[in-house]
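Comments concern the structure below.
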Amino acid sequence: MVTFLISLVLRFLVGRFFKAAARKLKVDPTRYNFFKNAVDFILFFAAVVVIFRSIPSLHTYGTGLLTGAGVLAAIVGFASQSAFTNIISGFFLVIFKPFSVGDRVKIGQSYTGDVEDITLRHTVIKDFENRRVIMPNSVISNETIINSTSIDEKICVFIELAVSVNANLDKAMGIIQDEALKHHYYIDNRSETDISRGEQSVMVRALTFLNGGILLRAYVWTRNPSDAFDLKCDLNKSIKEKFDKEGIQLADFQYQVVTKML
């Protein structure tokens with residue numbers, strides 16, 4: 001009777017726990033009914049072992065059951081270690097929320113895309129080629145996560161071009177600013193303090209000297225990562241065309257880097 005009452009209480013607590021977790025992870029809670037059934041099995045098995053060991057004539061059988069249960073538990077635990085690691089990692093992802101469904105993330109150095117689903121075992125990421133990357137939660141928990149949309153979707157795009165050492169830097173920097181300001185995805189992200197200080201909405205800096213050129217970097221703000229990608233591609237093209245018209249030569253170093261990458 002005591003075992004039966006304890007079983008009811010544990011089933012209720014386990015059921016509430018998994019229903020709450022399933023709501024957060026957006027999965028069907030009925031998939032995890034086996035956990036509640038497992039609680040009943042373990043509890044009644046323990047009760048049988050205790051009864052057998054409490055009766056002298058059945059003591060040997062009780063010891064055998066206990067030993068067999070230990071071996072079985074070790075086998076099951078070893079076989080399911082990876083699955084439970086992913087489940088625990090999934091709970092941590094939900095509790096600490098490094099990302100949510102719909103966020104654009106970069107996992108480590110390999111995968112970038114939009115989070116489409118988070119399950120107890122894995123996370124589904126839709127990449128820019130519309131493919132689904134299914135990553136175990138334990139793998140994601142051990143990687144560096146870059147979240148582009150968790151708090152503020154606005155993003156600062158770096159537009160980098162290496163011009164020749166003989167180029168007119170003021171003219172080149174002016175062209176980059178003009179092209180950025182004309183783009184329909186550009187936004188002015190300056191605060192009132194920045195404006196009062198006279199800071200430019202598109203800052204262009206001479207970043208460093210290269211072997212045969214000078215690297216210029218423009219800081220251009222846009223609304224979200226998707227717009228940022230389009231803006232960067234468009235500006236690379238329009239700035240190069242404008243440079244050609246104005247006789248501003250790009251550094252040879254830039255083409256050497258591209259050749260090495262290919």
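- Cluster annotation: Leu161 and Leu181 are assigned to the same hydrophobic cluster (Ile/Leu/Val/Met/Phe/Trp/Tyr, side-chain heavy-atom contacts under 4.5 Å, transitive).
- Atom CZ of Phe229 has 12 or fewer heavy atoms from other residues, nucleotides or ligands within 6.0 Å.
- Across all non-hydrogen atoms, the minimal contact from Pro225 to Glu153 is CD-O, 3.8 Å.
- Under the 4.5 Å side-chain contact rule for hydrophobic residues, Leu207 and Trp221 do not share a cluster.
- The CD atom of Glu179 sits 11.5 Å away from atom CG of Asn236, with the distance rounded to the nearest 0.5 Å.
- Listed for the Arg132 side chain is a donor-acceptor partner under 3.5 Å among the backbone atoms of Asn130.
- A donor-acceptor contact closer than 3.5 angstrom links the side chains of Thr123 and Asn137.
- Counting only distance, with no hydrogens or angles, the side chain of Asp127 and the backbone of Tyr111 share no donor-acceptor pair below 3.5 Å.
- At distances below 3.5 Å, at least one donor-acceptor pair connects side-chain atoms of Thr222 with backbone N or O atoms of Tyr185.
- By the criterion of side-chain heavy atoms lying less than 4.5 angstrom apart, applied directly or through intervening Ile, Leu, Val, Met, Phe, Trp or Tyr residues, Phe158 is not grouped with Ile187; the two fall into different hydrophobic clusters.
- Counting heavy atoms from C-beta on, the side chains of Gln249 and Asn166 never come closer than 4.5 Å.
- Residues Ala180 and Tyr186 share a closest heavy-atom pair of O-CB, 3.3 Å.
- At a threshold of 4.0 Å, the pair Lys237-Glu241 counts as salt-bridged, since one of the basic side-chain nitrogens sits closer than that to a carboxylate oxygen.
- By the 4.0 Å N-to-carboxylate-O rule, Lys182 lies too far from Asp178 to be salt-bridged with it.
- Scanning all heavy atoms of the two residues, the minimum distance from Arg190 to Glu199 falls at NH1-O, 2.7 Å.
- A single hydrophobic cluster is not seen to contain both Val157 and Ile146; linkage of ILVMFWY side chains at heavy-atom distances under 4.5 Å, directly or through other members, places them apart.
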Candidate pair Ile145 and Ile107, rule side-chain contact (heavy atoms from CB on, under 4.5 Å), full reasoning:
CA-CA 5 Å; Ile145 302 171; Ile107 308 297; 4.0 Å; yes
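- Listed here is the closest heavy atom pair of Ala218 and Val202: CB-CG1, 4.5 Å.
- Put simply, the side chain of Asp103 never gets that close to the backbone of Val105: no donor and acceptor are under 3.5 Å apart.
- Linking ILVMFWY residues whenever their side-chain heavy atoms come closer than 4.5 Å, directly or via other members, places Phe209 and Met173 in the same cluster.
- The environment of CZ in Phe128 is crowded: more than 12 heavy-atom neighbours from other residues, nucleotides or ligands sit within 6.0 Å.
- In terms of heavy atoms, Val101 sits closest to Glu116 at CG1-O, 3.6 Å.
- Interatomic distance, CG of Leu169 versus CG of Leu216, reported as 6.0 Å (0.5 Å rounding).
- Closest of all the heavy-atom pairs between Asn224 and Ile155 is O-CG2, 3.7 Å.
- Rounding to the nearest 0.5 Å gives a distance of 9.5 Å between NZ of Lys106 and OG of Ser148.
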